[in-house]
Every structure is written in C-alpha cells, then in structure tokens.
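Scroll down for the structure; my scribbles are underneath it.
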Amino acid sequence: GDSVTQMEGPVTLSEEAFLTINCTYTATGYPSLFWYVQYPGEGLQLLLKATKADDKGSNKGFEATYRKETTSFHLEKGSVQVSDSAVYFCARHSGNTPLVFGKGTRLSVIA
Amino acid sequence: DVKVTQSSRYLVKRTGEKVFLECVQDMDHENMFWYRQDPGLGLRLIYFSYDVKMKEKGDIPEGYSVSREKKERFSLILESASTNQTSMYLCASRPGHTYEQYFGPGTRLTVT
C-alpha cells in the first residue's frame, strides 16, 4: 500500500547549520506531498506542499522539491535556528483517502 | 483562521472506564480524522469520516469507536479504556476539495 519513509532521528544541529531530512514515498498514482511540523506541545501544522512532479514547496526558509524520478521529497533549510526545533512529518495523499504520514523526525537545534 | 479544538489537553482515566474525546471544527469541513501519536510509531489513523453519520476504519480501529452526529463534531470513544491506549490523540479536519489537513492541539490521555 501507500507509504512514506523518512529518516529516523533525532537530528541535532548547531544554529546556522544546513538541514536535510530525507523522505521517500511509494510511487502509486500521482500523490501530492507535504511536510508538516509539530512544535512542542502543539498539534501538527502544514509547513509546505507540492502537488506535481518538479514542484518546489517553500515556507519559512524551508524547501522541498517533488522528485518523481527518485520518489523523494527531501526537506532542506540553509540555516536552522533554535526556533526550528520540532518534529517534522512527511506525508503523501492521492485520491479520496486520508494522508499517509511518515514516522516523524525530531530536530533539535542548539545555540 | 481554521480552528480545530479538542475538549481536553490532558486526561487521566482508570482502566475499564468509558472515555469520550471530543473534537470540533469551525470551518464546515466535510472530512474529519482521529489519529494517535506514539514515540517511534508516528501518527496512526484510528477512524475517519467523510460526512455526517459516516465513518470509516483506519489502520488501528480496535478498541475505539466514533460518532459524527453533526458536521462540526467528531467524537472518539474508548469503550473500556486500557493502559495500552495511553497516548497522544490528534484530531484533524479537511475540506472536501483540498488535501491540507488542519490539526487540533492534541489530548494526552493517560490510562492507569
């Protein structure tokens, strides 16, 4: 069935470091792809999305490109801040079905 | 702004109790979802609903039931709470025409 695999955490980075969180998805159909973020004590909120191949989603300095050839949607940020510490979830959606989430990657950024 | 509210942020119940978790959304969304979140397991879908009085099982429905009598409200019911149902429960809603899901803040349930 449909699935999403993302790198296991936790990921610990120093402030201003470069971030990559890998995400791959099963290639069934033509899914839309998402990154959600969960800050401590809160629910999930949408960070960015891409609905077709080669689209780039971006928000708050984060970017991810929908790569159909590698079935990937890796999250990147050039310079992380302490306030980026959170859990990041990759997700896919196709048809009239619920979102399928990866297991989440916890990011800790230290000053 | 879309708002999804959950009745409690923290809840402590005893084994065997019947537990109700309430979720309300204020944007007339057709679709609503209940997930549980556990360390190392991510989000797992319990039940979802595409319309009033409709419900569909998700990946882990055992031990749970749901009710959707009104469009804005989706309730998760633990018929007889057990310690393995200690978890964070997240509710979400989504309009019928988009894929973006909006989440509530979560209810951390502890069953003792």
Side-chain angles (χ1 to χ4, degrees), chain A residues 1-11 21-26 29-52 55 57 59 64 66 73 86-108, chain B residues 1-10 21 23-25 27 29-51 54-61 66 74 87-108:
Chain A
D2 295 341
S3 67
V4 172
T5 304
Q6 60 182 105
M7 63 187 285
E8 291 190 25
V11 174
I21 300 178
N22 291 338
C23 171
T24 58
Y25 62 92
T26 52
Y30 301 94
S32 294
L33 301 172
F34 306 85
W35 278 101
Y36 279 78
V37 59
Q38 184 180 33
Y39 298 105
E42 298 182 13
L44 278 69
Q45 55 186 275
L46 180 66
L47 180 60
L48 53 84
K49 66 182 178 185
T51 57
K52 60 183 189 296
D55 268 2
N59 187 24
Y66 190 142
F73 193 55
V87 182
Y88 293 83
F89 292 89
C90 186
R92 64 160 282 159
H93 180 277
S94 61
N96 190 25
T97 58
L99 283 173
V100 175
F101 288 90
K103 292 187 176 181
T105 303
R106 181 176 298 278
L107 170 66
S108 295
Chain B
D1 270 358
V2 175
K3 194 152 189 182
V4 180
T5 57
Q6 296 184 228
S7 50
S8 305
R9 292 300 300 270
Y10 300 94
L21 302 182
C23 175
V24 178
Q25 49 94 3
M27 284 301 291
H29 288 173
E30 289 84 355
N31 307 298
M32 296 188 75
F33 308 86
W34 274 107
Y35 296 86
R36 62 177 284 176
Q37 181 180 11
D38 301 287
L41 298 177
L43 271 70
R44 293 181 292 168
L45 182 64
I46 305 171
Y47 268 96
F48 58 103
S49 169
Y50 289 136
D51 203 348
M54 293 182 66
K55 61 183 179 184
E56 299 280 348
K57 293 181 179 179
D59 299 319
I60 52 163
V66 290
F74 191 37
S87 186
M88 170 70 86
Y89 290 87
L90 294 168
C91 176
S93 71
R94 187 182 83 200
H97 58 278
T98 74
Y99 303 143
E100 179 177 351
Q101 289 185 191
Y102 298 84
F103 283 82
T107 296
R108 185 166 294 281

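Reminder, nothing fancy here: chain letters follow the sequence lines and each chain counts from 1.
- Remark: the backbone N or O of B/Cys91 is paired with a side-chain donor or acceptor of B/Gln6 at under 3.5 angstrom.
- Checking side-chain atoms of A/Tyr88 against main-chain N and O of A/Leu47 turns up no donor-acceptor pair under 3.5 Å.
- Residues from residues 31-39 of chain B that place a non-hydrogen atom less than 4.5 Å from a non-hydrogen atom of chain A comprise B/Phe33, B/Tyr35, B/Gln37, given in numerical order.
- In this structure, the side-chain contact (heavy atoms from CB on, under 4.5 Å) partners of A/Thr5, at least two apart in sequence or on a different chain, are A/Thr24.
- Ring-plane geometry between A/Phe34 and A/Tyr36 is classed as tilted, the angle between the planes lying from 30 to 60 degrees on a 0 to 90 degree scale.
- Checked by atom type and distance alone, the side chain of B/Ser8 never pairs as donor or acceptor with a backbone atom of B/Tyr10 at under 3.5 Å.
- If you measure heavy-atom distances from A/Glu8 to chain B, you find no contacts under 4.5 Å at all.
- With sequence neighbours excluded, no residue forms a ring pair (Phe, Tyr, Trp, His ring centres under 6.0 Å) with A/Tyr39.
- In this view, B/Lys57 and B/Tyr47, B/Pro61 satisfy the side-chain contact (heavy atoms from CB on, under 4.5 Å) rule, not counting sequence neighbours.
- For chain A, no part of B/Arg108 is nearby; none of its heavy atoms comes within less than 4.5 Å.
- Per-residue heavy-atom pair counts under 4.5 Å with chain B were compared for A/Gly41, A/Gly104, A/Gly102, and the maximum is reached by A/Gly41.
- Using a 4.5 Å cut-off between heavy atoms, B/Arg44 makes no contact with chain A at all.
- Contact count against chain B (heavy-atom pairs under 4.5 Å) is highest for A/Leu99 among A/Leu46, A/Leu99, A/Val87.
- Here the side chain of A/Arg92 pairs no donor or acceptor atom with the backbone of A/Val4 at under 3.5 angstrom.
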